Amino acid sequence: MKKPPLETGPLPLRPLDRSFFARTPRRVARELLGKILVREDKTRLAARIVEVEAYLGIDDPAAHAAAGNTARNSVLFGPPGFAYVYFIYGNHYCLNVSCMPEGYGEGVLFRALEPVYATEAMAQARGVDLPTPATIAQLRMISSGPGRMSEALGITRLRDNGKDLTTSESALWLADDGFRPEKIVATSRIGITKAVERPLRFVIAGNAFVSGKRSL
DNA sequence: GAGGAGATCGTCT
DNA sequence: GACGATCTCCTCT
C-alpha cells in the first residue's frame, strides 16, 4: 500500500553485549528499537524490533515482577540479557529480556517485529499464506503483536525461557546491524489495567509493523 | 470499520 | 477458582 516493508542495515550482524542490558529498561527499550532479533532454526530467521515496552520491576504495578520473585518470573530477577518467556490467555507466548544488574526484576517486552530474513518461513510458522507480491497488510499478520511475533519465531517457554540473548551461540539472540531509527515515539502501554498512564511503550515512528490499527 | 466475546491454561491466591 | 503484558472471529453498522 505505501512504503517498502524491508530495510536492511549497512553492517553485518553483531551481538549486543551484556552491558547493553545492565541499564534501566527505559533506556534499553529505546535503544532496542531498530535492532535485530535472530532465531537460529533449520534456517536463520531475523526480524527488526519496531515496538517494545519497559516494565520497571517491583515498584511497577503493571509488571509481573510486582508480585516479587516467583518460579514464573525468576529470570527477570537474574542477570541482564536473558529471555523471560511467559504464557498468557491460554494461547500465546510473550518474550521479554531482563535488564539492570541481578536482583531488580526489570525488563523489556518485545511487542512487534518487521520481518527481514526468511519472511516466508515466519509466515509459514504463523499459518499465513503469502502471495507474491504480498501487501503490507498481509506482512503485518506475521509479527505485529507480542503473541504473533513469538509464534513466527517459534518462541515458547519450554524452549527459550532463560536463554542468553547476548551470544550468537544461542538459538535466540539480539544483534545490531547498524540500522538507526529516525524517530522514536513514546506512548502508554497496551493491555494493562494498572499504571496505564505511564509512557513506557516505545515505537519507531511511521513504521508499518507497529501493532494496533494504525501506525503512528 | 468498530466493538464484543470466546478460546484456553499456567500461575498465583 | 479467578484472571491475564493476546488474537481471532463474528456481528452490527
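Keep in mind it's a predicted model, so treat the numbers as computed, not measured. Proteins get letters first, then strands, A, B, ... in listed order; numbering begins at 1 in each.
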Salt-bridge contact A:Asp177-A:Arg48 (side-chain N to carboxylate O under 4.0 Å):
yes
Has A:Tyr89 got its ring stacked on B:dA7, by the test of a centre gap below 5.5 Å and a plane angle below 30°?
no
Round to the nearest Å and state the distance from A:Arg140 atom CZ to C:dT8 atom P.
12 Å
For C:dT8 and A:Arg148 - does any side-chain N or O of the residue sit under 4.0 Å from the phosphate oxygens OP1/OP2?
yes
Between A:Leu139 and A:Met141, is there a shared hydrophobic cluster once you connect ILVMFWY residues whose side-chain heavy atoms come closer than 4.5 Å?
yes
A:Tyr86 ring center within less than 6.0 Å of A:Tyr84 ring center
yes
May I ask you to verify if any side-chain N or O of A:Arg201 is less than 4.0 angstrom from the OP1 or OP2 atom of C:dA5?
no
Under 3.5 Å for both donor-acceptor distances, Watson-Crick or wobble: does C:dA5 have a partner, and if so which one?
none
Starting at CG of A:Leu158 and ending at P of B:dG10, how long is that distance when rounded to a whole Å?
11 Å
Starting at the 5' end of DNA chain B, which residue's closest nucleotide do you reach first, A:Ala71 or A:Asn91?
A:Asn91
Rounded to whole angstroms, how far apart are CZ on A:Arg126 and P on C:dT8?
5 Å
Between C:dC3 atom C1' and A:Lys194 atom NZ, what is the distance in whole Å?
10 Å
Quick one: A:Tyr93 OH to B:dC9 C1', roughly how many Å, whole number?
10 Å
Interatomic distance at C1', C:dC3 relative to B:dA5, whole Å:
16 Å
Is A:Arg72 close enough to B:dT13 that one of its side-chain N or O atoms is under 4.0 Å from OP1 or OP2 there?
no
On DNA chain C, nearest-nucleotide positions of A:Thr193 versus A:Pro146: which is more 5'?
A:Thr193
Mind calculating the distance between CD1 (A:Ile88) and C1' (B:dC12) to the nearest angstrom?
12 Å
Measure the distance from CG on A:Asn73 to P on B:dG10 and round it to the nearest whole Å.
17 Å
Among A:Val203, A:Asn207, A:Leu32, A:Leu113, exactly one meets side-chain contact (heavy atoms from CB on, under 4.5 Å) together with A:Val50. Which residue is that?
A:Asn207
Is it true that the NZ or CZ of A:Arg23 lies under 6.0 Å from the centre of A:Phe21's six-membered ring and within 45 degrees of the ring axis?
no
Could you tell me whether the side chain of A:Ser170 and the main chain of A:Leu165 form a donor-acceptor pair under 3.5 Å?
no
For C:dA2 versus B:dG6, give the span between their P atoms, rounded off to a whole number of Å.
16 Å
Separation of B:dG10 atom C1' from A:His92 atom NE2, nearest Å, is 14 Å
Could you tell me whether the phosphate oxygens of C:dA5, OP1 or OP2, come under 4.0 Å of any side-chain nitrogen or oxygen in A:His64?
yes
Check every strand shown and say whether A:Gly90 touches a base, only sugar-phosphate, or nothing at a heavy-atom separation below 4.0 Å.
base
With both distances under 3.5 Å as the test, what is the Watson-Crick or G-U wobble partner of B:dG1?
C:dC12
Check every strand shown and say whether A:Leu109 touches a base, only sugar-phosphate, or nothing at a heavy-atom separation below 4.0 Å.
base
